[in-house]
Protein chains: 2
Amino acid sequence: MQPLKTLARTPLLTVGDGRFLKVEQHEVAFPNGTVIKDWPWVITPDFVNVMAVTQEGLVLCFRQMKYAVEGETLAVPGGYLEAGESPLAAAQRELREETGYEADMWESLGTYAVDGNRGNGTAYLFLATGARPVQAIDADDLEDQELLLLTMPEIESALAAGHFKVLPWAANVALALVRLQRRMGGQV
Amino acid sequence: MQPLKTLARTPLLTVGDGRFLKVEQHEVAFPNGTVIKDWPWVITPDFVNVMAVTQEGLVLCFRQMKYAVEGETLAVPGGYLEAGESPLAAAQRELREETGYEADMWESLGTYAVDGNRGNGTAYLFLATGARPVQAIDADDLEDQELLLLTMPEIESALAAGHFKVLPWAANVALALVRLQRRMGGQV
């Protein structure tokens, strides 16, 4: 299959210092010959999330409020990559800062474009197991959040009930459950 | 927990007729008293995706190119909601147009904010089972795409290998696998 080609890029918008949002207009050539001159391209920070399972088999979650969500949502730890930071290092840092836990085993659950058309940042999702408390929580989030330790059945029920209301968090939990199931040799 | 409050909204950017991208700046009050005056809010179209399983137990996927992704990706059917259209009707229409299939049983896999901070549209994800071909494909996508019928083990392997490179598609497949597993009474 032939790739789409970027013929030109024009900056359209920078909010503040551009850390959280920049928008460009791209001129894009499609394999069928179509050229679209005003293709919007959204640049937001790349981020990590992690489903972390403690040594006791419990999952570290938050109950919190988010601006884009009505009412409370469940969340997994995560945050934006800092400059020069690898996704794994960012995930380990966010887990430590937000929960006070470190984990023995880390594995990637994949790297994803948030929006297949407009970009919107890259999501790096992880599964961490063998997590244990090592320090106090040191989070800088503006929202209220409460740390919860949920059992695997509680996590499955919360996911099925739609309590993880933000797409990367639901994706992270579902991908982790599929991975853990495969490891146990189960058939879906 | 206290909600975040929108104190003011200012339009910042409308690309073209605004169908695909508008940006606003919100003034947001956090429960801790912090007020942020330049909170970016991104308005992109709400969309549906569906993992559709045929009467023979095969999953309808595409191999395709997308602008935000390097190389080929696997995809599930989906697209933007039309004006006044319900998410379920949109998912049924997209499945029919993109694959030529209709399905007997539809269930929601949840409603998700794509970005917990900046919005970026709402994802409505579905699982459809009992799918069967009813018409020719009538897709309007600009990208090359090839329809595939994959077995459940092929889908699981492709998901684990990161071949679904766009977040809502990986989320849709993972959530569907978890749902199907729960239905079979399996334990994760």
Side-chain angles (χ1 to χ4, degrees), chain A residues 1-4 12-13 15-16 20-21 23 25 28 30-32 34 36 38-40 42 44 63-69 72-73 75 110-120 123 142-144 152 156 159-160 162 165-171 174-175 177-182 186 188, chain B residues 1-4 12-13 15-16 20-21 23 25 28 30-32 34 38-40 42 44 63-69 72-73 75 110-120 123 142-144 152 156 159-160 162 165-171 174-175 177-182 186-188:
Chain A
M1 291 188 177
Q2 296 302 308
L4 290 71
L12 283 187
L13 175 71
V15 175
F20 293 116
L21 182 64
V23 178
Q25 180 166 292
V28 180
F30 288 78
N32 68 359
T34 302
I36 294 185
D38 62 345
W39 185 271
V42 177
T44 53
R63 196 166 63 90
Q64 67 177 178
M65 308 294 282
K66 293 297 283 187
Y67 186 58
V69 167
E72 293 175 2
T73 177
T111 299
Y112 304 97
V114 172
D115 183 318
N117 293 317
R118 284 174 293 272
N120 254 316
L142 291 165
E143 301 91 352
D144 291 340
M152 230 29 110
E156 287 183 66
L159 183 70
K165 298 180 182 176
V166 176
L167 186 65
W169 305 342
L175 286 161
L177 291 176
V178 170
R179 177 71 58 94
L180 291 168
Q181 174 65 23
R182 274 171 73 87
V188 172
Chain B
M1 291 188 175
Q2 295 302 309
L4 290 70
L12 282 187
L13 176 70
V15 175
F20 293 116
L21 182 64
V23 179
Q25 179 166 291
V28 180
F30 288 79
N32 69 358
T34 301
D38 62 345
W39 185 273
V42 178
T44 54
R63 195 167 63 91
Q64 69 177 175
M65 309 292 282
K66 293 297 283 185
Y67 187 59
V69 168
E72 293 176 2
T73 177
T111 300
Y112 304 97
V114 172
D115 183 317
N117 293 316
R118 283 174 294 273
N120 254 316
L142 291 165
E143 301 91 351
D144 291 340
M152 239 10 123
E156 287 183 66
L159 183 70
K165 298 179 182 177
V166 176
L167 186 65
W169 306 341
L175 286 161
L177 292 176
V178 170
R179 178 70 59 92
L180 291 168
Q181 174 66 22
R182 274 170 73 88
Q187 296 298 313
V188 174

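Below, chains carry the letters A, B, ... as their sequence lines are ordered, and counting in each starts from 1.
With chain A as partner, the option from B:Gly16, B:Ala170, B:Ala75, B:Ala113 having the largest number of non-hydrogen pairs under 4.5 angstrom is B:Ala113. Contact tally against chain A (heavy-atom pairs below 4.5 Å) for B:Arg118, B:Lys165, B:Met1: the top residue is B:Met1. When each of B:Gly110, B:Gly162, B:Gly119, B:Gly116 is checked for heavy-atom pairs under 4.5 Å with chain A, B:Gly116 comes out on top. Interface remark: of the candidates A:Arg63, A:Met65, A:Gln25, A:Met65 forms the most heavy-atom pairs closer than 4.5 Å to chain B.
A:Leu13 touches chain B through its side chain: at least one heavy atom from C-beta onward sits under 4.5 Å away, while N, CA, C and O do not. With a 4.5 angstrom heavy-atom cutoff, B:Thr73 does not touch chain A via any of its atoms. Using a 4.5 Å cut-off between heavy atoms, A:Val15 touches chain B through its side chain atoms alone. Heavy atoms closer than 4.5 Å to chain B are found nowhere in A:Trp169, neither backbone nor side chain. In this structure, chain B has a heavy atom under 4.5 Å from the side chain of A:Asn120, while its backbone stays farther away. Only the side chain of A:Phe30 comes within contact range of chain B, with heavy atoms under 4.5 Å apart. Only the side chain of B:Pro31 comes within less than 4.5 Å of a heavy atom in chain A; its backbone stays farther off.
The only option from A:Asp115, A:Asn117, A:Leu4 that meets the side chain to side chain contact (heavy atoms under 4.5 Å, CB included) definition with B:Lys66 turns out to be A:Asn117.
Between B:Ala171 and A:Ala171, the shortest heavy-atom distance links the atoms CB-CB, 3.6 Å. Here the closest heavy-atom approach between residue B:Val166 and residue A:Val114 is recorded as CG1-O, 4.4 Å. Nearest approach of B:Ala174 to A:Ala174, heavy atoms of both residues: CB-CB, 3.6 Å.
Rounded to the nearest 0.5 Å, atoms CG (B:Leu159) and CZ (A:Arg182) are 8.5 Å apart. Atom CG of A:Leu12 sits about 8.5 Å away from atom CG of B:Leu21, to the nearest 0.5 Å. Taking CG from A:Leu167 and OG1 from B:Thr111, the interatomic distance works out to 11.0 Å, rounded to the nearest 0.5 Å.
Put simply, the side chain of B:Val28 reaches to within 4.5 Å of the side chain of A:Tyr67, judged on heavy atoms.
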